[in-house]
K.L.:
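Sharing a structure below in structure tokens format, with a few things to ask.
Both ligands and their constituent atoms are indexed starting at 1 by order of listing.
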Amino acid sequence: MIDTPTRRVVLQAGVFAAGSLLLVDGSVAQAPLAPTPACHDGDDRTMAQTEGPYFKPASPERTELFEEGMAGQPIELVGFVFTRACKPLAGALLDFWQADDKGRYDNSGFRLRGHQFSDAEGRYRLRSIVPGIYPGRTRHIHVKVQPRGGPVLTTQLYFPGEPKNRSDDLFRKELLLRTAKNSGSLAGRFDFVVA
Ligand code: FE
């Protein structure tokens, strides 16, 4: 079942750091996520990773990559774009691309590809499906993050508890999503720290 825009997905405190109860949907987009205990002054930048062979420029601007009839477990991914001094960055470009439930990329069109801009509070929100795996790789979502007028960070996000995390040389635990199950949907959190 697909979340309706009005349905609230609540990540319980304790799944993330204590106190970071997180409401995730359009109607609470104005609710403060901050202060986030995940950000510390002087945090390292989010590490870069290879772009891989399947990036396509000029993806559609959208936060919803799920399409009617698409197979796969729904996931809602949220987080901030921060500077190293924990300042949230508004208007940062986030361009996501990923494989479908069977581990296939759409290289002729823009299925499961989309870009968006962080909001006035530096937050982003992506609704998609959990990507399938393909030979040689563990489960991952690709992303480029670019602050206004800044350099592009290209990296990949990983899922906790994946057996193939141990055998994929690209996997880094620093790029793990924090996830929580929510009545069939997966909630994910990742904060980017950029230059
Ligand atoms: Fe990939």
Side-chain angles (χ1 to χ4, degrees), residues 2-3 24 38 44-82 92-118 123-147 150-182 184-195:
I2 307 314
D3 289 344
V24 183
D44 286 341
R45 275 185 287 169
T46 301
M47 70 172 58
Q49 291 221 294
T50 177
E51 175 179 289
Y54 301 119
F55 174 69
K56 277 181 73 173
S59 70
E61 180 175 354
R62 55 185 176 185
T63 60
E64 176 80 63
L65 300 185
F66 184 87
E67 294 168 21
E68 197 59 40
M70 190 177 269
Q73 184 183 17
I75 180 171
E76 182 154 40
L77 178 58
V78 299
F80 287 92
V81 180
F82 286 121
L93 170 70
L94 300 108
D95 195 350
F96 293 95
W97 72 104
Q98 65 168 88
D100 70 8
D101 186 48
K102 298 278 195 295
R104 301 168 304 202
Y105 287 86
D106 179 3
N107 295 312
S108 54
F110 288 96
R111 201 160 171 260
L112 293 169
R113 301 171 184 272
H115 75 272
Q116 60 178 286
F117 298 91
S118 57
R123 296 168 300 195
Y124 72 92
R125 174 174 171 270
L126 181 77
R127 287 157 58 94
S128 188
I129 56 152
V130 174
I133 55 174
Y134 54 92
R137 295 303 319 277
T138 190
R139 207 177 303 282
H140 64 281
I141 294 175
H142 296 268
V143 61
K144 288 177 181 283
V145 183
Q146 182 177 29
V152 178
L153 165 72
T154 301
T155 192
Q156 304 183 30
L157 304 178
Y158 296 96
F159 290 77
E162 291 289 332
K164 288 194 157 40
N165 285 350
R166 290 192 290 273
S167 55
D168 186 335
D169 290 341
L170 285 175
F171 170 79
R172 294 291 181 275
K173 64 179 181 345
E174 293 86 345
L175 296 171
L176 276 172
L177 301 172
R178 285 174 291 163
T179 59
K181 277 262 171 55
N182 253 296
S185 182
L186 196 67
R189 172 79 185 262
F190 192 87
D191 296 335
F192 297 96
V193 179
V194 296

K.L.:
Taking the inter-plane angle between the rings of Tyr124 and Phe192 on a 0 to 90° scale, is it parallel (under 30°), tilted (30 to 60°) or perpendicular (over 60°)?
P.N.:
tilted

K.L.:
Could you confirm whether Gln156 has any N/O/S atom lying under 2.8 Å from the Fe ion (ligand 1)?
P.N.:
no

K.L.:
To the nearest 10 degrees, calculate the angle at the Fe ion (ligand 1) involving NE2 of His142 and OH of Tyr105.
P.N.:
90°

K.L.:
Using a strict threshold of under 4.0 Å (side-chain N to carboxylate O), is an ion pair present between Asp100 and Arg104?
P.N.:
yes

K.L.:
Is the Fe ion (ligand 1) under 2.8 Å from any N, O or S atom of Tyr134?
P.N.:
yes

K.L.:
Locate the shortest heavy-atom distance separating Arg139 from Tyr158; write the atom from each residue and the value.
P.N.:
O-CD2, 3.5 Å

K.L.:
Please name the pair of heavy atoms, one in Thr50 and one in His142, separated by the smallest distance, quoted to 0.1 Å.
P.N.:
O-ND1, 4.5 Å

